[in-house]
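Here the structure is laid out as C-alpha cells; the discussion comes afterwards.
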Amino acid sequence: MRKQVYSLLVDNNPGVLSRIAGLFSRRGYSIDSITAGTTSDPRFTRITVVASGDELILSQIENQVRKLEDVIEIKLLKDGESVFRELIMVKVSANAAQRGEIISVADIFRAKIVDVEEDSMIIELTGNQPKLEGFLNLLKDYKILELARTGITGLSRGSEDVTIIE
C-alpha cells in the first residue's frame, strides 16, 4: 500500500465534488483526504485527493477520474517534485499557568494563536504532515479539546506542466 496525491483541475460546476467522491465510493476506493477550492479563474476548481492502494488500484483511480466529464486535467503529485501543505486548528485546554508553555511550543513551529479564552486557546498551524505530527506530539501533555484538519493540498514545482486555459 502506498499513498498517491492527485491534483485535479475541474470545471467549477455544481455537484462536481460529489461526482468525484461518488466515483471513489462506487468503486470501493478509499479517500485519505480531499480538498477543493476555486482557482484564480472562477470557472475552475482545484481538487486534491489523497488515496491509498496498490499500484493497480492507484492506476485504476487515475483512469476512472480522467474519464469524468468535468475533469480537465489530472496530475500525480510526487514527493520532491511537489509542495504539500495541510492546515490544522487545535483547541487546547489552557489555564493561565499553562499558556506561556503552550505559546512557546507554538512559536517553535511558527504556529499562530488565533483565539484565547479563560480556559482554552486555539492554535493554527500550516505545514507538511511530519511538521504537524511533531507539533501534536509536543502538545500530548496538554488536553486537546478539539482538532480540525483540512487534509493535504499541493501543487507541482516549477512552471513546465502548468495548464493555461483561455
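Note that the coordinates shown come from a computational prediction; the quantities given were computed from them, not determined experimentally.
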Under the side chain to side chain donor-acceptor pair (under 3.5 Å) test, residues paired with [X] that sit two or more places apart:
| X | result |
| --- | --- |
| Glu73 | Thr163 |
| Glu86 | Gln129, Arg149 |
| Arg157 | none |

Query - Residue Asp79 excluded, over 12 heavy atoms near CG under 6.0 Å - result: no
In Å and rounded to the nearest 0.5 Å, what is the [atom1] to [atom2] distance from [X] to [Y]?
| X | Y | atom1 | atom2 | answer |
| --- | --- | --- | --- | --- |
| Glu69 | Lys67 | CD | NZ | 14.5 Å |
| Ile72 | Arg43 | CD1 | CZ | 8.0 Å |
| Glu81 | Leu76 | CD | CG | 10.0 Å |

Looking at side-chain heavy atoms only, is the closest gap between [X] and [Y] below 4.5 Å?
| X | Y | answer |
| --- | --- | --- |
| Val10 | Phe44 | no |
| Gln60 | Arg27 | no |
| Leu145 | Ser120 | yes |

Are [X] and [Y] connected in the hydrophobic side-chain network, where two residues link if heavy atoms are under 4.5 Å apart?
| X | Y | answer |
| --- | --- | --- |
| Leu23 | Val49 | yes |
| Val83 | Val50 | no |
| Ile61 | Leu9 | no |
| Leu68 | Tyr6 | yes |
| Ile47 | Ile31 | yes |

Side-chain cluster (under 4.5 Å, hydrophobic types only) that [X] belongs to, other residues:
| X | result |
| --- | --- |
| Ile108 | Ile88, Val90, Val92, Ile102, Ile103, Val105, Phe109, Ile113, Val116, Met121, Ile123, Leu125, Leu132, Phe135, Leu136, Leu138, Leu139, Tyr142, Ile144, Leu147 |
| Leu87 | none |
| Val114 | Met89, Ile122 |

**Report entry** Distance-minimising heavy-atom pair for Ser156 and Ser82
**Finding:**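 For Ser156 and Ser82, the tightest heavy-atom pair comes out as CA-OG, 3.8 Å.
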Query - For the student: nearest non-hydrogen atoms of Val5 and Thr48, plus distance - result: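 Looking at all heavy atoms of both residues, the closest pair is CG1-CG2, 3.6 Å.
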Requested in this report: Scan for salt bridge (Lys or Arg N to Asp or Glu O under 4.0 Å) pairs involving residues 108-128, sequence neighbours excluded, and state none if there are none.
Outcome: none
Query raised in the report: Tell me, which pairs form a salt bridge (Lys or Arg N to Asp or Glu O under 4.0 Å) where one or both residues lie in residues 89-105, sequence neighbours left out?
Result: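 Counting only pairs at least two positions apart or across chains, the salt bridge (Lys or Arg N to Asp or Glu O under 4.0 Å) contacts touching residues 89-105 are Lys91-Glu146.
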Sequence neighbours excluded, which residues qualify as side-chain contact (heavy atoms from CB on, under 4.5 Å) partners of [X]?
| X | answer |
| --- | --- |
| Ser30 | Asp32 |
| Ser7 | Arg46, Lys75, Leu77 |
| Arg2 | Gln4, Glu55, Leu58 |

Query raised in the report: Just by distance, do the side chain of Gln98 and the backbone of Asn95 share a donor-acceptor pair under 3.5 Å?
Result: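 Yes, the answer is positive, given that a donor and an acceptor are paired below the 3.5 Å cut-off.
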Requested in this report: Examine distances only and state if a side-chain atom of Asn137 and a backbone atom of Glu133 form a donor-acceptor pair shorter than 3.5 Å.
Outcome: no
Give the table of side-chain donor-acceptor pairs shorter than 3.5 Å for residues 13-22, with sequence neighbours excluded, one pair per line with atom names and distance.
| from | atom 1 | to | atom 2 | distance (Å) |
| --- | --- | --- | --- | --- |
| Asn13 | ND2 | Asp70 | OD1 | 2.9 |
| Arg19 | NE | Asp70 | OD2 | 3.3 |
| Arg19 | NH1 | Pro14 | O | 3.4 |
| Arg19 | NH1 | Gly15 | O | 3.4 |
| Arg19 | NH2 | Pro14 | O | 3.4 |
| Arg19 | NH2 | Asp70 | OD2 | 2.5 |

